[in-house]
Amino acid sequence: FNTSDIFSQIQTLPGIIGSPVNGNFQVNGGSGDENLILLDGVPVYHINHLNAMLSAFNGDAIKNIAFHKSYFPAQFEGRLSSVTDIKLKDGNKEKYIQTLTLDMPAASAVCEGPIIKNKLSYMIGARSSWLDFFDNLSSDDTNMNHSFFDFNGKLSYDINDHTSLHFSAYKTKDNYLYSTELDKKQSILSWNNEIYALQFNSLINKKVTSTTSISYSNYSNKVYAPEIGVAILSYLKGGIRELNFVSNFSTTVNNIFKLSGGFKISHEQFNLASATDSTLDNHKVNINQISLFYSNNIRISDKIFAEGAVNFISYLPQNFQDFFSIQPRFSFKYSPQENHLLYLDFSKMEQFYHYIRVDVIP
């Protein structure tokens, strides 16, 4: 169905129920909203296309994925079950590469290459549905009435041998249409994601590195009110906006100890929608959050490793109760042979809110 399914291996892991493609998979008994999805370090709140059958991430534009479901590194917080950390390609700095993909539901193109050779590169990817092109050739009873697209872009600039700058952008849009009595198609359900992130990496010396980033994300959805039983010819709208500033460092000591730490400051605004039989309502909730994190990785021998970490969080919603949390983590790994690993993990995670998404019309 999709040759670039970036989640294909995750769903084979023990403790995973459902497909990660639709964003509602359960990990170790948790619910769907207890999974944190990050794209270049920025949260993504709705990760599917095409009625939850296709990932909203273009696999041709992805560099790698790290999936955590037992031990959570110190910088991650806010969810109970899992963290999926997705990284976009930086763009090839030496040669031009074009990738074209035609799948059953979508066509995609990814282009990357140097703007300044070995200095500045770009990566641009776009994907769009094409099956809806045939909707006009079929009756309303058999067509899909669903269109979507997604866009990925990234600029990577090596300022010198020790510092680099990255800017990434991501946008998606899904739309369900339905023919009205006047034979005019009207949007009855749609959702959108957009992300913008700027990251600065620096190698202070041979042993100390630092990363600082600022990002903005916006998720919104709307549903035509009569479709959910509200007698108003209008849309019920909701969404989440988030602004993040993160700075962290890491250093190694004699190739035995690796120390890392940092802080995160974020501001979230939830646009909460509610409806009764004849009324629509929206109200906004603003939340500030500050977190400090630290971890210490120790190489005891070539086969034994241990890591201890902690995350201190202040969760400060306006006009509501404040929450403070201390979240310790510990991991012990032993590799008796090259292809074998024994590990013992402990992680404390806390989630301060849960959310419900409207993405299926009965």
Side-chain angles (χ1 to χ4, degrees), residues 2-13 20-21 23 35-45 47-49 54-69 72-73 75-76 82-101 103 106-127 149-159 161-172 193-203 209-217 244 246 248 250 260:
N2 173 31
T3 60
S4 301
D5 180 9
I6 61 175
F7 292 109
S8 59
Q9 295 186 43
I10 292 178
Q11 60 188 331
T12 66
L13 297 175
V21 169
N35 304 303
L36 178 62
I37 310 296
L38 300 170
L39 182 65
D40 276 353
V42 186
V44 181
Y45 290 95
I47 62 167
N48 64 62
H49 286 313
L54 180 67
S55 167
F57 303 114
N58 188 342
D60 294 331
I62 300 302
K63 179 181 180 181
N64 57 51
I65 298 176
F67 181 71
H68 308 274
K69 71 180 185 69
F72 298 95
Q75 68 269 28
F76 298 132
S82 73
V83 176
T84 306
D85 190 15
I86 304 170
K87 302 295 185 184
L88 289 173
K89 292 180 178 178
D90 292 332
N92 197 300
K93 289 185 171 64
E94 296 183 352
K95 61 181 180 179
Y96 298 98
I97 300 174
Q98 297 83 34
T99 303
L100 300 175
T101 302
D103 288 325
S108 70
V110 175
C111 302
E112 56 179 308
I115 299 176
I116 302 175
K117 194 170 184 179
N118 297 320
K119 197 79 172 178
L120 175 63
S121 64
Y122 70 91
M123 187 281 296
I124 297 176
R127 184 175 55 165
F149 79 88
D150 56 58
F151 168 82
N152 298 276
K154 193 168 187 178
L155 292 173
S156 300
Y157 179 46
D158 291 338
I159 300 173
D161 293 339
H162 305 290
T163 57
S164 63
L165 191 65
H166 304 269
F167 173 75
S168 57
Y170 168 75
K171 185 175 179 60
T172 70
N193 269 309
E194 58 180 331
I195 287 174
Y196 307 96
L198 182 66
Q199 183 181 88
F200 178 76
N201 300 325
S202 177
L203 179 64
T209 62
S210 69
T211 300
T212 301
S213 65
I214 184 170
S215 63
Y216 169 79
S217 66
N244 290 313
V246 183
N248 57 60
S250 65
S260 62

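Residues: numbered from 1 along the sequence shown.
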Could you walk me through whether V246 and T212 satisfy the side-chain contact (heavy atoms from CB on, under 4.5 Å) test, starting with their C-alpha distance in whole Å, then the side-chain angles of each, then the deciding distance to 0.1 Å, before giving a yes or no? CA-CA 6 Å; V246 183; T212 301; over 6 Å; no
Heavy atoms of other groups near K117 NZ, more than 12 under 6.0 Å: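 No, not enclosed.
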Check step by step if side-chain contact (heavy atoms from CB on, under 4.5 Å) holds for N201 and H166. CA-CA 8 Å; N201 300 325; H166 304 269; 3.5 Å; yes
Taking all atoms of both residues into account, what is the closest heavy-atom pair of Y45 and N193, and its distance?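 Looking at all heavy atoms of both residues, the closest pair is N-OD1, 4.1 Å.
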Which heavy atom in A109 sits nearest to a heavy atom in L100, and how many Å separate them?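 In terms of heavy atoms, the two residues are closest at CB-CD2, 3.5 Å.
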Supply the atom-to-atom distance [X] [atom1] to [Y] [atom2], rounded to the nearest 0.5 angstrom.
| X | Y | atom1 | atom2 | result |
| --- | --- | --- | --- | --- |
| L155 | L198 | CG | CG | 10.5 Å |
| E112 | Y122 | CD | OH | 8.5 Å |
| I86 | I65 | CD1 | CD1 | 5.0 Å |
| N58 | D150 | CG | CG | 5.5 Å |
| N92 | I97 | CG | CD1 | 4.5 Å |
| N118 | E94 | CG | CD | 5.0 Å |

Please name all residues satisfying side-chain hydrogen bond (donor to acceptor under 3.5 Å, both in side chains) with Q75, sequence neighbours left out, ordered by chain then number.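 Testing Q75 for side-chain hydrogen bond (donor to acceptor under 3.5 Å, both in side chains), a comparison that skips the adjacent residues, returns none.
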For [Y], is there any backbone N or O sitting under 3.5 Å from a side-chain donor or acceptor partner on [X]?
| X | Y | value |
| --- | --- | --- |
| T211 | N248 | no |
| K93 | G113 | no |
| S121 | G91 | yes |

What I'd like to find out is whether the side chain of [X] reaches to under 4.5 Å of the side chain of [Y], using heavy atoms alone.
| X | Y | answer |
| --- | --- | --- |
| Y196 | V42 | no |
| I115 | Y157 | no |
| V110 | I124 | no |
| V83 | F72 | yes |

[X]-[Y] side chain donor-acceptor pair, cut-off 3.5 Å:
| X | Y | result |
| --- | --- | --- |
| S164 | D158 | no |
| T99 | D60 | no |
| S202 | T163 | no |
| Y96 | Q98 | no |

Would K63 and D90 pass as an ion pair if we require N to O under 4.0 Å?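 Here K63 pairs with D90 in a salt bridge, since their nearest N and O are under 4.0 Å apart.
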Applying the side chain to side chain contact (heavy atoms under 4.5 Å, CB included) criterion to N244, which one of S215, S217, S213 satisfies it?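 Exactly one candidate clears the test, S215.
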The single option from L36, N35, I10 passing side chain to side chain contact (heavy atoms under 4.5 Å, CB included) against T84: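 So the option named by the test is I10.
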Run the numbers on M123 and N152 for side-chain contact (heavy atoms from CB on, under 4.5 Å), then give the verdict. CA-CA 8 Å; M123 187 281 296; N152 298 276; 4.2 Å; yes
Full working for salt bridge (charged side-chain N to carboxylate O under 4.0 Å, His left out) between K154 and D40: CA-CA 10 Å; K154 193 168 187 178; D40 276 353; 3.4 Å; yes
Please test F57 against Y170 for ring pair (Phe, Tyr, Trp, His ring centres under 6.0 Å), starting from the C-alpha separation and ending with a verdict. CA-CA 9 Å; F57 303 114; Y170 168 75; 5.7 Å; yes
Between I62 and L88, is a side-chain contact (heavy atoms from CB on, under 4.5 Å) present by the stated rule, with each step listed? CA-CA 5 Å; I62 300 302; L88 289 173; 3.8 Å; yes
